[in-house]
Structures are given as structure tokens and as C-alpha cells.
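What follows is a short report on a single structure.
Residue numbering restarts at 1 for every chain, and letters A, B, ... go by the order of the sequence lines. Just so it is clear, the structure is predicted and the values come from calculations on it, not from any experiment.
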Number of protein chains: 2
Amino acid sequence: MKFEPVKKVSSYELIVEQIEAGVREGRLHPGDRLPGERVLMQTFSVSRATVREAMRVLHATGVVHTRAGDPRGPEVLPFRPEALERPLVRMTDQEGTTRVELIQFRLLLESQSALLAAATDNEDAKAKISACAGDLATLADRATTAESQTELREEFGVLLSEFHSAIRAASGNQLLQATGQAVDGALTTIARRRLGDEADGPALAARLRQSALDAATLNNHIQAQDPIGARQSAADNIFRFYKDRLTDEEQQVLAPLVG
Amino acid sequence: MKFEPVKKVSSYELIVEQIEAGVREGRLHPGDRLPGERVLMQTFSVSRATVREAMRVLHATGVVHTRAGDPRGPEVLPFRPEALERPLVRMTDQEGTTRVELIQFRLLLESQSALLAAATDNEDAKAKISACAGDLATLADRATTAESQTELREEFGVLLSEFHSAIRAASGNQLLQATGQAVDGALTTIARRRLGDEADGPALAARLRQSALDAATLNNHIQAQDPIGARQSAADNIFRFYKDRLTDEEQQVLAPLVG
DNA sequence: CTACATTACTGGTCTGACCAGTAAAGGGGT
DNA sequence: ACCCCTTTACTGGTCAGACCAGTAATGTAG
């Protein structure tokens, strides 16, 4: 005879489950308001401390947003890619997942995004990509003039991120969009933490020019509806971007995807 | 003159940050024990309720594991892929992401996994793939005999899932592994929820044989170190698997990835 | 009809208490 | 010496009741 293992979950977990189920099954929509903590403690027959712990978990995982003083109660949030970014960063913090795996994953996602973007017929999305590529070219021209290194680097990062974001959006796949953004964000966070391998002065300008050129090439493939070329170009770009900061061994990990 | 926005974070968030930073910077290793809540409330100069809320968040995000009664205190955990699966499933639950997007994303991940698996030199992982393909073939042979439809379908699903899981594992990328597993799980959950389009009797047997054959072909490409072939084969397999249950329009979404 | 003070809540934090659970220290018996 | 079992002194989980700072909505004066 078989018995079911007795699951012994704490009260607050049961509350979390119920509310998550409500969101999942469409009984709670983003924008909806939950009852206040004092009401919830009655409906669940628990103390406020228990309700609070449940709310803390839901808040930390991005399910709801709480704000003190708002009589309308906690707000149910739509999904945001940031919710994915957190565990990704943590994954690389801990031993077990290396930075190169993150880069490999990004290479994979961005190249497939480019392929799909080149195959789409969404003209608005493709126009956005062109615009971003143009912005990068403009910045590259300005880079030669004496400008604050830090600001330049900052703006460079933002524009490049937007360019890739536009491509992911054009792919038409929200999962691809969200995971791509999360991985991109995670890599940015990691890079910001150890700011030793940052390019300086002339090297930064060269790097910027190269990226602008790469972006233009990739953009051409996309506008020309050339999926295979776009995929290859995207893979090349990402590889070149990280190449200098990787050991030979690490570069080998990326090689199969670049072809 | 520029001012910094005043960040007003709650006490418990500061505690979470400090402990997360400790893990990140290597001052806390997996397996280490945190002080008890009553000690922490003194070191952080807050009440136990506040400490508890911080611990709840750390527990929910998989950073620590708490167990009542253990005098050694909360344990710092290593990262587990399940931490990624949760937000992914939540994303697909929320409105906005369609099933075909999920399938497209899966197609994308599995094909790239196959490519990387074919490029690896990890013989153990490749042996596991072969074993799984063999299991599928065995089951396909048994399928002709009269057997419980439900059990057959169940075992079929499990074996197929294991086969793909083995490929993802062989890719050597934990991110690919975790996200692939999450997407696979999400699709299984969705399929289970609306169990109307399930194949019956002879159709099921035919489906099973086809899958076993497809798996064998893919396995051959991987064992032969043929990355491009493996990628193409994996894409074909996934496409064929879902083809019957998709409209023509939905099939068009997948087309660019199959080539 | 607008601008402002009021109000009646909200979530954030604290205190202090009790319970069930458990790892390790302590005590028998061999 | 060694093993087994009880005890013990903690642990986290939960509860109750209280105070504070903050805010949306309400009412009110101009």
C-alpha cells in the first residue's frame, strides 16, 4: 500500500499559494487591489504577523506591491523581467555557474532574437531597431571629442542595451524578450560590480566605434529580411564584445555558437 | 546641481541586502549557518518580527533554509535551478504570453541545446542521451501490445522529458538547463490542464514510434559530433511534435526557426 | 470649482509571550 | 570504552496588542 508523503507547510506558505493561485487562474488581475492586512488576517484566520510574512514573500517575488498608507491596499503587479534577473544574478554569484555560461546564454538568445526579428513583418519594430542603430552611430561620432569618460561609457551602455532590447521586442516572443533582458541586466550588474576591466580613453572610443559598426551590419541584415545572416551577425557581435575579457578556454565555450 | 534620489528602503530590506552581499562576496558559503533570529535582532538592532520578514524573503528566494528547532541556525544554501523555474512559470501564467510563444521558445532552446551537446566532449553526458533514446525505442516496441492507454501516455511523456533533459545537461550550460526544464514543465502543465487534444489508441502508438525514431536520429547527430545536424534535427522534432495541434498561422510563427 | 485641512485608514515596526520541534549534551546499561 | 535513550536548552513558527509615519479620499473654506 502506498501512502502520500505528509507535506508540512507553514501557514504563511498556504497564504502565498492561495494568492498565487488566484493570479494564475485569473481571479486576480494586475492592477487589482488585495484586502488590507487586517482583513486578510480574518479571512485566513491567522495573526497579522503571519499575513505579513506572506506579503513579504509576494512582494519579494514581484507578485504584489505594498505601500504604507494606501487605503486601497496592496496592488497586484504584472510580470516584470526584473523578477527573472534577480535569481540570474544570484546564480552567478554563487559558485557553480560561471560568467561565461551567462555570456553563452546571452549569445544564444540574442542570435535567435535577431533571426526572428529578420523574419518578422512588424515594420514599427524594425524601424525602432534602425533608430537605435542610428543613435549608436551618432554617439560614436561624438566619442572623438573630449567628453566625460564615465558619462560616455554610461550612455554607450544604455544605447547598446536599447538596441538589443529593440531586436528582442521585434522577435515577437515575450519570453525571449524577458529572459534576454534579464540576462543582459545580470551581466551589466556583474560588470558594474568589478569595474577593473573597463576600457579607458582611446580604447573606449575604439570599442564604441566597433559596436556601432556591428550594430549597423546587424541592422542591415534585419532590414533586408535575411534571418540567417542576422543570426550570424548577432552571434559575431556578442562574441566580439566579450572576446577581450575572456580567456582562450572560455572563448572555446562560445565557439560552437559562433560557428 | 544634481541630487541623488533618496532611497527609502525598509529595515528588513537592509538586512536582506547585507546577508545577500555576504553570500555574494564570499563571506558566507553554502553550508554555513547564520546566527539565530534572537541574535540577529541584536546585531541589526531591530525587533524579531523585522528579522523574521527578512528571513522569509531569503527563504523564499532560496538563499537560506530555515528549520524550526535546529540549534545550529538557518543554513546558507547553494543555488538551485528551481529558483529560476518559479518566476518563469509565473510569467507564462500571466496573460500576454501565448502557448505558441512558449513552444517557439522551447524550440529555440532545445535546438541550441542539441547543438552544444553535439559539440561537447563529455562522454558520460552523451552516454546518458543514448540510454534515453534507447528507452524510448523500447517503449515504442511495447506500445503495440495492449496496454493501459493512460499509463503508456504517462510513461511516454516522462521518457521524452528525460531525453531532452539529458541533452540540455550535455550542453554544459546550467542556465540553458534550468530554463529549458522550466519551459518544458510549463508546457506539460498547460497540456495537462486542458486534456482534450490527447491522441488515442493507434494514433498514440504512431505518435510514440515517430518520437522514438526522431530521438534516434537526433542522438546519431549528437554522437557523430555534428552540431549543425543536431540543431536541425532537434528543431524538426519539436516542430513535428506540436504540428498537429497548431493552426497554420501558429505554424508560421515557428517556421523561421525550423528553416 | 479649486485649494486645503481633516480623517480614517494603510503598512512598518516593536514588545513580549507561548508552542512544537530538534541537535546535542547527559546518563544508564552493557 | 561503547551504544542507546532521555533530557535539555535552545530553535523557528505563531499569536496578541500596541504605536508610528504615511497617504487617498473626504469634507470644507475660499
Side-chain angles (χ1 to χ4, degrees), chain A residues 5-20 22-23 28-77 80, chain B residues 3-20 22-23 28-77 80:
Chain A
V6 178
K7 61 171 182 181
K8 202 171 43 175
V9 286
S10 38
S11 309
Y12 87 93
E13 281 185 81
L14 293 174
I15 299 179
V16 170
E17 266 180 39
Q18 284 201 42
I19 294 184
E20 276 188 341
V23 174
L28 287 172
H29 305 88
D32 284 359
R33 298 294 183 146
L34 255 47
E37 293 178 354
R38 285 159 240 260
V39 177
L40 287 176
M41 67 183 273
Q42 289 188 328
T43 64
F44 288 117
S45 298
V46 293
S47 76
R48 192 150 92 92
T50 305
V51 169
R52 295 214 90 245
E53 297 189 2
M55 296 307 290
R56 283 282 73 77
V57 172
L58 291 171
H59 183 83
T61 52
V63 179
V64 302
H65 175 67
T66 61
R67 216 164 45 110
D70 194 335
R72 295 170 301 182
E75 180 182 2
V76 177
L77 292 177
R80 294 164 307 160
Chain B
F3 288 102
E4 284 288 311
V6 178
K7 62 170 180 179
K8 201 171 43 176
V9 286
S10 37
S11 311
Y12 87 93
E13 282 185 80
L14 294 174
I15 299 180
V16 170
E17 264 180 39
Q18 284 200 42
I19 294 183
E20 275 187 342
V23 174
L28 287 171
H29 306 87
D32 284 359
R33 299 293 184 149
L34 256 47
E37 294 178 354
R38 285 159 239 259
V39 177
L40 287 176
M41 66 184 272
Q42 288 188 328
T43 64
F44 289 116
S45 299
V46 293
S47 75
R48 192 152 92 92
T50 305
V51 170
R52 297 214 88 243
E53 298 189 2
M55 294 309 288
R56 283 284 71 78
V57 173
L58 292 171
H59 182 83
T61 52
V63 179
V64 301
H65 174 67
T66 61
R67 215 162 45 106
D70 194 335
R72 294 171 300 182
E75 180 182 4
V76 177
L77 292 178
R80 293 163 310 165

Can you check the [X] [atom1] to [N] [atom2] distance for me, whole Å?
X	N	atom1	atom2	answer
A:His65	D:dA24	NE2	P	11 Å
A:Met41	C:dT10	CE	C1'	14 Å
B:Arg48	C:dC14	CZ	C1'	13 Å
B:Asp70	D:dT11	CG	P	10 Å
B:Arg38	D:dG13	CZ	P	11 Å
A:Glu53	C:dG12	CD	C1'	14 Å
A:Arg67	D:dA24	CZ	C1'	9 Å
A:Glu37	D:dA18	CD	C1'	15 Å

If you take all heavy atoms of B:Leu77 and B:Pro30, which pair is closest and at what distance? C-CB, 4.0 Å
Can you tell me if A:Ser47 touches the phosphate of D:dT14, counting only side-chain N or O atoms and a distance under 4.0 Å to OP1 or OP2?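 For A:Ser47, the contact criterion (side-chain N or O under 4.0 Å from OP1 or OP2 of D:dT14) is not met.
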Side-chain N or O of B:Ser10 versus OP1/OP2 of C:dG11: is the shortest distance under 4.0 Å? no
By nearest atom, which of the nucleotides C:dT13, D:dG13, C:dG11 is closest to the B:Thr66 side chain? D:dG13
Between D:dG12, C:dA23, D:dT14, which one does the side chain of B:Arg72 approach most closely?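 In terms of side-chain proximity for B:Arg72, the closest of D:dG12, C:dA23, D:dT14 is C:dA23.
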Test applied, side-chain contact (heavy atoms from CB on, under 4.5 Å); reference residue, A:Arg48; option that passes from A:Gln42, A:Met55, A:Arg38, A:Glu53: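 Of the listed residues A:Gln42, A:Met55, A:Arg38, A:Glu53, the side-chain contact (heavy atoms from CB on, under 4.5 Å) partner of A:Arg48 is A:Arg38.
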Side-chain contact, heavy-atom cut-off 4.5 Å: A:Leu28 with A:Leu34?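 A:Leu28 reaches A:Leu34 side chain to side chain.
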Check whether any side-chain heavy atom of B:Arg56 lies under 4.5 Å from a side-chain heavy atom of B:Thr66, and answer yes or no. yes
A:Glu13 and A:Ser10 side chains, donor-acceptor separation under 3.5 Å: yes
Across the strands shown, which category fits B:Arg52 at heavy-atom distances under 4.0 angstrom: base, sugar-phosphate, nothing? base
Between the base of C:dG11 and the side chain of A:Arg56, is one N or O donor paired with an acceptor at under 3.5 angstrom?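 Side chain to base: no pair below 3.5 Å.
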If you assign each of B:Val39 and A:Tyr12 to its closest nucleotide in DNA chain D, which residue comes earlier from the 5' end? B:Val39
